[in-house]
Structure formats: C-alpha cells, structure tokens
Amino acid sequence: MDVMSLIRKGALHEPLGDEERQAVLRFADDHAAELARLREELESSAVERDRARDELAAIKRRKRVGEIAGETGFLDPGYLDYLMQQRGAAVDDPGACREVLDELRTTSPRLFRIDLNPGGGSIPAPSGGSEASGWDGDLAKLLRQAPEIND
C-alpha cells in the first residue's frame, strides 16, 4: 500500500477502508520515534527562531537609540534606551522621542553633551605676540630699559 495515496485520501477527506486504516496505524507505529524526534526539532527550531527574532529587534532598537543619542548629544545610549522603555516611548515615533528628550533636558541636563568653546572665560593673550609685550628675546636690552629704583 502506497503511503502517499493514503495521505492524499486523508487530505481529501475520503473514507479509508479497513486495510488502509491498518496500514496507516502500522506506519504511525513504525515511525513514532522519528515523528517524536521531528516534533522536538520543530519545537526547538521555533524557539530558536523566536529568540533570533527578538535579538534582531533588540539590535535594531539599540541601533536606533544610538542614532537618537548621537543626534541629540545624549551621553549614554544604553541609559537612554532604559529611560525610553520605562516611559513606554517607541523609538520609531519621533514625537514620543522628542517628548522624552525634552523632559530629560529640563530634569537632567548633565546627561547631555554641552558644546563649549575652548578657552572660554580665560584672559586672551596679546594679539601681537612678543612684540606687543615689548620682549624681543634680548635680555640685556630689556634690563637697560628697566627703570632704576632709588632708595
């Protein structure tokens, strides 16, 4: 008896005769171990697929959060991801991201990079260099020009 013809009959919902039923039961008994192994492989493959899908989603999320952090000057992308998850903000929603970042700028500005000009607040050097200060590198000349101190 051909197994494929029995499968076709079953798929078409055609009734099976006694001999055909017996053949199907023998086939099931003979291949029960293999069917169980295949079921386990299928279940483990499904778990692995789900794990890979979740990992891919997490990688995409971390990448997007990193981009957002770079664009806005946020110093710690991992912490930004944590804060956005706590607030339930979707990283693909610009409005939700802007809302979270605006709130963080006001409540925790230390988490953002601040652009400063180098040397801000210091006294600038004379623009003329050594000529503006009167020093041309000649110590003897400088001492001759120094005022005398009379006691």
**Message:** Working to the nearest 0.5 angstrom, can you tell me the gap between Asp29 CG and Leu25 CG?
**Reply:** 6.5 Å
**Flag side-chain contact, heavy atom, 4.5 Å: Val91 against Glu67** = no
**Request:** Determine whether Phe74 and Val65 make a side-chain contact, defined as any pair of heavy atoms from C-beta on separated by less than 4.5 Å.
**Result:** no
**Message:** Between Glu34 and His31 (side chain of the first, backbone of the second, donor and acceptor by atom type, cut-off under 3.5 Å), is there such a pair?
**Reply:** no
**Item:** Nearest-0.5 Å distance, CZ of residue Arg51 to CG of residue Asp54
**Value:** 9.5 Å
**Prompt:** Is any side-chain heavy atom of Met84 less than 4.5 Å from a side-chain heavy atom of Cys97?
**Reply:** yes
**Message:** I want to check something: taking the side chain as every heavy atom from C-beta on, are Glu20 and Val24 in contact at a cut-off of under 4.5 Å?
**Reply:** no
**Asked** Can you tell me if CZ on Arg105 sees more than 12 non-hydrogen neighbours from other groups inside 6.0 Å?
**Response** yes
**Message:** How about CD on Glu48, more than 12 heavy atoms from neighbouring residues, nucleotides or ligands closer than 6.0 Å, or not?
**Reply:** no
**Asked** Is there a side-chain contact between Lys60 and Leu56 (heavy atoms, below 4.5 Å)?
**Response** yes
**Prompt:** Looking at residues at least two apart in the chain, or sitting in another chain, which of them share a side-chain contact (heavy atoms from CB on, under 4.5 Å) with Glu55?
**Reply:** Ile59
**Message:** Within this structure, what is the CZ-OG distance for the pair Arg49 and Ser45, rounded to the nearest 0.5 Å?
**Reply:** 9.0 Å
**Request:** Could you check if a side-chain atom of Arg87 sits within less than 4.5 angstrom of a side-chain atom of Leu104, using non-hydrogen atoms only?
**Result:** yes
**Asked** About how many Å separate OG1 of Thr72 and CG of Leu111, when rounded to the nearest 0.5 Å?
**Response** 10.5 Å
**Item:** Pairwise distance CG(Asp81) to NZ(Lys63) - rounded to 0.5 angstrom
**Value:** 14.5 Å
**Message:** Could you work out, with salt bridge (charged side-chain N to carboxylate O under 4.0 Å, His left out) as the rule, every residue matching Arg53, not counting sequence neighbours?
**Reply:** Asp50
**Complete:** Heavy-atom nearest pair, Gly66 first then Pro77, reads CA-CB, 4.1 Å
**Prompt:** Are Leu75 and Tyr79 connected in the hydrophobic side-chain network, where two residues link if heavy atoms are under 4.5 Å apart?
**Reply:** no
**Prompt:** Taking only residues two or more places apart in sequence or in another chain, which ones pass side-chain contact (heavy atoms from CB on, under 4.5 Å) with Glu41?
**Reply:** Arg37, Leu38
**Request:** Determine whether more than 12 heavy atoms belonging to other residues, nucleotides or ligands lie under 6.0 Å from atom CZ of Phe112.
**Result:** yes
**Arg144 CZ to Asp138 CG distance, which is reported to the nearest 0.5 Å** = 6.0 Å
